[in-house]
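The structure appears right after this line, and notes come after that.
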Amino acid sequence: MIRNSRTILRRTAAGLLAVLCLSLTACSTQNNTAPTVSDADKQAIVLTANGVDFTAEQYAASFVYNLNRMDSILGMYGQKTSKDMTEKSERDSFSQNIAQLAKQQLLYLSACEAKMKENGLSYTDADIDAEIKTLADQMGGDTGLDTYLKDMGLTREQYREFAKLNVMIQKLRKDYFSKNPNAARETFDKEFLRAKHVLIKTVDDNNAELPNQDELKAKAEEVAKRAKAGESFDELIKTYNEDPGMESNPDGYVFTDGEMVPEFYEGTKALANEAISDPIKTTYGWHIIQRLPLRDADFETKKAMIEEKTFSDLAQSWQDASKAEEKDGLSKVNLDTVSGYLA
């Protein structure tokens, strides 16, 4: 209930760049009526990243890949997708966002190439073929894969860049954690918190403010006073808490920045272990928080996610240190023209 839903799209965008998991859905969202572009224009260099040249066709493939994934996720959350955008200003804005994702993806690809060389790692065509076969197997065979790619607007050859990136990510990630086996635990101990709380709601189920605000505040202050006096916090939760999420998290929430509403996160962070807060107000109501120490079991439960975050943060640092030079033809690839570069 106190989770922060505002970060969904922000984290979605970050996830598109950081780790390119094999997606099992695709949407035909590009403009298939766009005029076909000449071979010379397709092969023109439009972006140089970390010394690696990318053609308009390669950039267009990245654009379409990110467009499909973003549309799929937006649709999942009931948001408007590119096919529903008819106003020019809206389409231009969305196109610019996808363009940024595409550019950063190619920047990431070139950074991974550099890190592979730096760490003495390599990949082969057989590695890429195996990655594509994994996707084909998930699709029920080659026919399913071909249909998937067609719906996406890509050929197998165009998709190889993304399969190659997945191969490099897997090798770089394995190499990093073999050399830094404690990295994920260090991230967990530094960035995660654990807490229980009593929530006294100040809004109803429709988020309308309840009429007895002074009484609710006084109730929260009384609960905090009793908790600080040594009364069992678990018993106070049983008696007063109005957050149903505590029932499925009896040992407390384990979270990091952005996962809870900001006041809850900052309030917990300010506490010493086992300490109890004064009532803290959020859009949900008054919270009396008890911060708890992190446990080995908490880490093991979230280990895969934390390894993902640790490597993603590392990969982001590679991107931040990268250099890119845009060429004249880059801006010609957009939401309305991209399919012409892939035909």
Side-chain angles (χ1 to χ4, degrees), residues 15-47 49 52-73 82-83 98-99 101-113 116 121-173 329-330 332-335 337-343:
L16 291 179
L17 299 177
V19 179
L20 298 174
C21 300
L22 293 176
S23 175
L24 293 179
T25 60
C27 308
S28 297
T29 56
Q30 77 236 243
N31 177 13
N32 291 315
T33 63
T36 301
V37 176
S38 70
D39 288 341
D41 285 342
K42 289 180 183 178
Q43 297 309 311
I45 303 301
V46 296
L47 181 70
V52 178
D53 290 332
F54 293 99
T55 67
E57 183 179 4
Q58 288 174 306
Y59 173 70
S62 181
F63 190 103
V64 163
Y65 183 92
N66 283 283
L67 171 62
N68 275 275
R69 295 193 69 198
M70 183 59 80
D71 270 347
S72 178
I73 293 166
S82 63
K83 67 181 180 180
I98 300 301
L101 289 174
K103 284 184 285 188
Q104 291 188 34
Q105 186 179 61
L106 295 182
L107 193 66
Y108 184 30
L109 191 153
S110 64
C112 286
E113 291 270 20
M116 290 284 287
L121 303 173
S122 62
Y123 59 85
T124 66
D125 285 342
D127 292 327
I128 300 174
D129 291 339
E131 186 71 12
I132 292 177
K133 184 179 184 304
T134 297
L135 179 59
D137 290 344
Q138 293 180 25
M139 297 293 175
D142 288 338
T143 300
L145 174 59
D146 290 338
T147 299
Y148 163 73
L149 293 177
K150 182 179 179 181
D151 287 344
M152 226 183 191
L154 298 174
T155 65
R156 285 202 185 207
E157 189 60 32
Q158 290 162 346
Y159 188 80
R160 284 186 72 83
E161 287 293 291
F162 309 114
K164 179 176 75 175
L165 182 50
N166 276 331
V167 168
M168 290 193 293
I169 289 170
Q170 292 163 20
K171 289 180 178 290
L172 286 165
R173 178 174 172 165
L330 190 75
K332 295 180 181 179
V333 182
N334 56 52
L335 196 61
T337 65
V338 64
S339 62
Y341 288 85
L342 300 173

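Residues take their numbers from the sequence shown, with the count starting at 1.
- Between Leu342 and Glu57 the shortest side-chain heavy-atom distance falls below 4.5 Å.
- Here the straight-line distance linking atom CG of Leu149 with atom OH of Tyr159 works out to 7.0 Å at 0.5 Å rounding.
- Asp146 and Arg156 are joined by a salt bridge, as a carboxylate oxygen and a charged side-chain nitrogen come within less than 4.0 angstrom of each other.
- Checking side-chain atoms of Lys42 against main-chain N and O of Ala343 turns up a donor-acceptor pair under 3.5 Å.
- In this structure, CG on Leu330 lies 4.5 Å from OH on Tyr59, to the nearest 0.5 angstrom.
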Next on the checklist: Does Tyr123 form a side chain to side chain donor-acceptor pair (under 3.5 Å) with Glu113? I'd like the steps, not just the answer.
Outcome noted: CA-CA 10 Å; Tyr123 59 85; Glu113 291 270 20; 3.1 Å; yes
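- Residues Ile169 and Tyr108 form a side-chain contact, since some pair of their non-hydrogen atoms from C-beta on lies under 4.5 Å apart.
- Panel note: side chain Ser82, backbone Leu67; no donor-acceptor pair is recorded below 3.5 Å.
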Item to check | Worked verdict on Asp129 versus Arg160 for salt bridge (Lys or Arg N to Asp or Glu O under 4.0 Å) | outcome: CA-CA 8 Å; Asp129 291 339; Arg160 284 186 72 83; 2.8 Å; yes
Next on the checklist: Before you tell me yes or no, could you show the steps for Leu109 and Phe54 under side chain to side chain contact (heavy atoms under 4.5 Å, CB included), namely the whole-Å CA-CA distance, both residues' side-chain angles and the distance that decides it to 0.1 Å?
Outcome noted: CA-CA 10 Å; Leu109 191 153; Phe54 293 99; 4.1 Å; yes
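- Within the 4.5 Å cutoff, no side-chain heavy atoms of Leu106 are placed close to those of Glu161.
- Contact between Val338 and Ala60 at its shortest, heavy atoms only, is CG2-O, 3.5 Å.
- Here the closest heavy-atom approach between residue Leu172 and residue Met116 is recorded as CG-SD, 3.8 Å.
- Put simply, the side chain of Leu145 reaches to within 4.5 Å of the side chain of Tyr148, judged on heavy atoms.
- In this structure, Lys103 and Leu107 have side chains that are not in contact, with every pair of non-hydrogen atoms separated by 4.5 Å or more.
- Ile45 places a side-chain heavy atom less than 4.5 Å from the side chain of Thr55.
- Side-chain contact, Gln170 with Glu131: a donor N or O sits under 3.5 Å from an acceptor N or O.
- Annotation: the span from Ser110 atom OG to Leu47 atom CG amounts to 8.0 Å, rounded to 0.5 Å.
- Rounding to the nearest 0.5 Å places CD of Gln105 at 5.0 Å from CZ of Phe162.
- Residue Gln158 holds its CD atom at 12.0 Å from OG of Ser62, rounded to the nearest 0.5 Å.
- Contact detail for Ala136 and Asp142: the closest heavy-atom pair is CB-OD1, 3.8 Å.
- Rounded to the nearest 0.5 angstrom, Ile98 CD1 and Met70 CE are separated by 5.0 Å.
- Summarising the geometry of Ala56 relative to Asp41, their closest heavy-atom pair is CB-O, 3.3 Å, with the distance given to 0.1 Å.
- Closest approach of Cys112 to Met168, counting heavy atoms only: CB-CE, 3.9 Å.
- Proximity of Asn334 to Thr337: side-chain heavy atoms (C-beta onward) are separated by under 4.5 Å at one or more points.
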Checklist entry - Going through the checks in order, is the side chain to side chain contact (heavy atoms under 4.5 Å, CB included) test met by Ile132 and Leu135? => result CA-CA 5 Å; Ile132 292 177; Leu135 179 59; 5.6 Å; no
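- Taking every heavy atom of both residues into account, Val333 and Phe63 meet most closely at O-CE1, 4.3 Å.
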